[in-house]
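Beneath this line is the structure, given in structure tokens, with notes to follow.
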Protein chains: 2
Amino acid sequence: MSGLADIARAAGVSISTVSRVLNRRAGVNEETRQRVLAVLAEQPYTPRGLGALQRTGVIGLLVPELSNPVFPAFAEALETRAARLGYSSLLCNTRSAAIRREGPAESRPPAARTRTPVPTSLGEEEYVRMLLARGVEGMVFVSPEITNVEVPLGEAPKPSYYAKLLADGVQMVFVNGATPSLDVPDVTVDEQLAGYLATQHLLELGHRRIGFVSGPSRSLPSRLKRAGWAAALEEAGLPAEAEFVAHAPFAAEGGGAAVARLLDTVRPTAVICSSDHMAMGVLRQAHQRGLSVPGDLSVVGFDDIPLAAYCSPALTTLAQPIEEMAAAAVDELVHRLDPDGRHRTNGNYTRVFRPKLVVRESTAPPRSIS
Amino acid sequence: MSGLADIARAAGVSISTVSRVLNRRAGVNEETRQRVLAVLAEQPYTPRGLGALQRTGVIGLLVPELSNPVFPAFAEALETRAARLGYSSLLCNTRSAAIRREGPAESRPPAARTRTPVPTSLGEEEYVRMLLARGVEGMVFVSPEITNVEVPLGEAPKPSYYAKLLADGVQMVFVNGATPSLDVPDVTVDEQLAGYLATQHLLELGHRRIGFVSGPSRSLPSRLKRAGWAAALEEAGLPAEAEFVAHAPFAAEGGGAAVARLLDTVRPTAVICSSDHMAMGVLRQAHQRGLSVPGDLSVVGFDDIPLAAYCSPALTTLAQPIEEMAAAAVDELVHRLDPDGRHRTNGNYTRVFRPKLVVRESTAPPRSIS
DNA sequence: CCCTTCGCAGCAAATTTTTGCAATCAAGAC
DNA sequence: GTCTTGATTGCAAAAATTTGCTGCGAAGGG
């Protein structure tokens with residue numbers, strides 16, 4: 001929305017100078033150029049011609065990583081839905097921005113040194129700005145950063161970043177964003193129910209020593225699952241003890257390491273995991289220890305990634321209705337993008353989907369009973 | 001490079017009309033608008049300010065799909081490398097564009113009908129144009145469409161599309177592009193060697209009836225693997241019979257279906273697969289039939305996706321050096337993007353990586369021998 | 001057949017962006 | 001201390017883009 005004049009005013013320089021920076025012409029002091037670029041990052045320059053051409057039919061999809069197969073699965077489902085509605089998708093892996101931030105300077109190409117240095121990265125936020133500058137109309141955040149609760153809870157600077165985006169009129173939708181405080185539509189699974197159902201399933205099979213292979217403690221979804229796990233346990237008259245919870249990074253190795261700790265200490269007969277991806281690490285670890293699954297250890301995953309049915313034993317898991325959630329998220333976004341704007345409901349819209357227990361081969365009654 | 005005036009001249013209309021089309025203002029005949037849009041597709045409008053702002057630090061990554069985990073793995077490796085060199089990545093799933101093309105019109109938002117319709121999709125090409133319009137500096141194609149040999153081989157219109165891009169000065173690099181005819185740097189694994197090594201491994205274990213669970217016959221990599229398979233077989237004095245090859249779509253289900261056909265007819269004691277993803281389907285199918293792997297059937301995959309080590313039995317596979325290939329591809333692209341252009345070697349640059357046999361648990365001597 | 005009406009293209013005025021040029025300023029030479 | 005040199009900036013003229021308005025020509029009614 002800002003023309004050359006706006007940028008110039010904000011940067012305290014003349015219009016000419018902004019023009020020169022934009023066109024990378026010589027004769028602009030490096031310091032001045034930086035000031036202009038800083039303003040440009042805040043309010044990207046939009047030539048009138050392009051500004052009006054904004055109906056680009058492109059939306060941005062932000063996922064935290066790609067190694068966990070849920071994210072490619074979500075990405076593909078979102079893309080497919082968007083494509084059906086006539087939108088192209090641009091996918092961003094926000095984790096990679098963090099790498100850039102810490103990347104060694106000497107490995108950069110000469111260009112990065114002699115020319116305008118690439119602005120220092122800020123992770124997800126940086127990607128959002130980049131996408132905005134590339135003319136996306138709106139974006140879907142899958143498991144956004146906000147999902148990580150700030151343990152110190154002193155300042156809470158994170159929400160303000162999304163709030164600012166919101167104030168700038170950027171249309172966005174969260175998937176598994178778990179953020180009651182923000183006025184953003186959120187499409188989510190009931191994580192707590194998922195934890196509850198998984199635990200209940202194991203209790204019904206006769207397990208009494210049920211561990212939780214959890215993601216990092218700062219992850220809100222993991223906390224919610226834990227609450228569901230605890231609720232089911234207590235409902236069955238069993239204590240939900242902290243020693244039965246092992247935290248580890250979200251990845252197959254993390255799952256393996258976490259379950260190893262549990263097996264070395266409290267010896268659970270069954271575990272629930274924060275994700276199928278971690279569950280695969282658990283399966284592997286059990287295999288390496290010569291433990292049979294489900295004979296010696298029952299395992300419940302979460303997500304129902306496409307490959308869950310293809311491991312051996314096939315993974316019992318709590319399915320997120322990925323297709324439906326993706327459809328709901330994209331529909332809501334497109335709805336808000338609708339220029340004929342009859343429906344522009346700005347309310348805090350949240351859709352909670354029920355996870356569904358999919359029983360496969362990785363769960364069975366504990367050996368002592370069977 | 002073309003301003004409003006150039007577009008106007010090419011379309012045979014006045015500058016005002018072009019401006020109106022770009023700004024989606026009323027008062028332009030649909031026919032005229034189409035003519036202008038057609039010209040615009042050929043030579044995109046570049047406002048002077050933005051055209052020069054080209055050094056965006058953004059590259060495009062095009063993958064055909066995300067369900068096969070190799071592609072997310074490649075994408076992540078490419079992104080990571082690009083990030084280290086100071087570039088952001090935009091990931092596109094070219095398969096989804098095909099969906100848009102056939103998408104039902106009534107499901108589109110009202111905007112798509114009343115306003116300029118989203119230009120009809122052309123798959124990969126459309127994405128490339130879109131990325132170009134979004135200011136990417138170059139792109140990496142992973143397993144590009146060109147990889148599919150046109151069986152009729154009458155017209156060959158596909159190469160011309162890449163050639164055109166090349167002529168437009170678009171910088172690009174192929175990963176597993178397998179295209180000797182084009183003057184594009186290509187980073188690739190030796191597919192034929194992969195097929196050869198896999199087959200040789202099985203021959204050494206004592207197998208004599210070795211099937212090939214292959215991707216579609218139009219896929220060039222699958223053809224090359226088959227050539228390697230045939231070479232190894234013939235070297236061992238065995239015939240490479242066509243009945244031992246089963247074609248199916250690239251996916252876990254495809255792998256399952258293909259191996260089912262082989263098991264119902266020629267009863268191989270071992271199979272090699274076009275991808276780990278297909279191999280997982282093979283594992284599943286064997287499991288469902290009560291066949292033990294590797295006892296009754298040995299399985300060799302391709303790619304060495306991260307999850308290959310996590311299935312049970314862990315998959316024996318031929319590893320693509322994904323990290324190294326990604327690094328080579330990105331380095332080559334960035335190299336060509338270098339504005340100080342000392343190194344602008346425009347030669348046809350191809351790097352072939354050797355696949356590496358990773359023996360895990362899914363292969364063993366055939367039962368009759370062991 | 002003529003007149004009215006309306007959509008649409010182009011003209012020209014208004015606005016925005018680019019660029020030649022001269023003014024300003026800092027640093028170093030004399 | 002003053003002059004020269006070169007970098008940097010803003011002014012204003014030139015170029016490009018947007019938009020109000022006029023007029024052309026086709027369609028439909030009288």
Side-chain angles (χ1 to χ4, degrees), chain A residues 1-56 111 113-117 132-135 137 169 339-340, chain B residues 1-56 110-111 113-117 119 132-135 339-340:
Chain A
M1 286 298 188
S2 25
L4 271 196
D6 305 282
I7 312 276
R9 203 172 320 111
V13 296
S14 74
I15 292 181
S16 331
T17 304
V18 178
S19 171
R20 272 187 275 256
V21 170
L22 246 26
N23 291 310
R24 296 175 197 268
R25 303 187 76 82
V28 178
N29 190 340
E30 187 54 33
E31 203 176 305
T32 311
R33 179 211 291 280
Q34 287 307 327
R35 200 163 67 241
V36 174
L37 284 175
V39 174
L40 238 30
E42 285 296 303
Q43 40 179 114
Y45 166 56
T46 332
R48 296 189 115 264
L50 272 189
L53 190 116
Q54 212 60 296
R55 191 130 313 278
T56 53
R113 285 197 302 275
T114 56
R115 304 221 162 191
T116 313
L132 249 24
R134 302 257 142 334
E137 296 180 48
D340 307 337
Chain B
M1 288 298 186
S2 25
L4 270 195
D6 305 283
I7 312 275
R9 202 173 322 110
V13 295
S14 75
I15 293 181
S16 330
T17 304
V18 178
S19 172
R20 271 186 274 258
V21 170
L22 281 174
N23 291 313
R24 298 173 199 268
R25 303 188 76 81
V28 180
N29 190 342
E30 187 53 36
E31 203 175 304
T32 311
R33 177 209 294 278
Q34 285 308 326
R35 199 163 68 240
V36 174
L37 284 175
V39 174
L40 238 29
E42 286 296 304
Q43 39 180 115
Y45 166 57
T46 331
R48 295 183 122 265
L50 271 191
L53 189 115
Q54 216 61 297
R55 189 133 312 278
T56 53
R113 285 197 302 276
T114 55
R115 305 214 163 197
T116 313
L132 250 24
R134 301 260 146 324
D340 306 337

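Reckoned from all heavy atoms, side chains included, excluding hydrogens, waters and symmetry mates. Note on naming: letters A, B, ... go to the chains in the order of the sequence lines (proteins, then strands), and numbering restarts at 1 for each one.
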Between the protein and nucleotides 10-14 of chain C, are there any N/O to N/O pairs under 3.5 Å, and if so, what are the atom names and distances?
{"from": "C:dG10", "atom 1": "OP2", "to": "B:S14", "atom 2": "N", "distance (Å)": "2.8"}
{"from": "C:dG10", "atom 1": "OP2", "to": "B:S14", "atom 2": "OG", "distance (Å)": "3.2"}
{"from": "C:dG10", "atom 1": "N7", "to": "B:R20", "atom 2": "NH2", "distance (Å)": "3.0"}
{"from": "C:dG10", "atom 1": "O6", "to": "B:R20", "atom 2": "NH1", "distance (Å)": "3.4"}
{"from": "C:dG10", "atom 1": "O6", "to": "B:R20", "atom 2": "NH2", "distance (Å)": "2.9"}
{"from": "C:dC11", "atom 1": "N4", "to": "B:S16", "atom 2": "OG", "distance (Å)": "3.1"}

Output the distance between atom OG1 (B:T17) and atom CD1 (B:I7), rounded to the nearest 0.5 Å.
-> 13.0 Å
Look at all strands and tell whether A:V18 reaches a base, only sugar-phosphate, or nothing, counting heavy atoms closer than 4.0 Å.
-> nothing
Atom-pair distance (CD on A:E31; C1' on C:dC25), nearest Å | 15 Å
Rounded interatomic separation in angstrom, taking CG from B:D6 and P from D:dA15 | 15 Å
d(CG, A:N29; P, C:dA27) in whole Å = 12 Å
Starting at atom CZ of A:R9, determine the distance to atom P of D:dG10, rounded to an integer number of angstrom.
-> 14 Å
Value rounded to 0.5 Å, distance of CZ in A:R33 from CD in A:E30 = 5.0 Å
Rounded to the Å, how far apart are B:L4 CG and C:dT18 C1'?
-> 15 Å
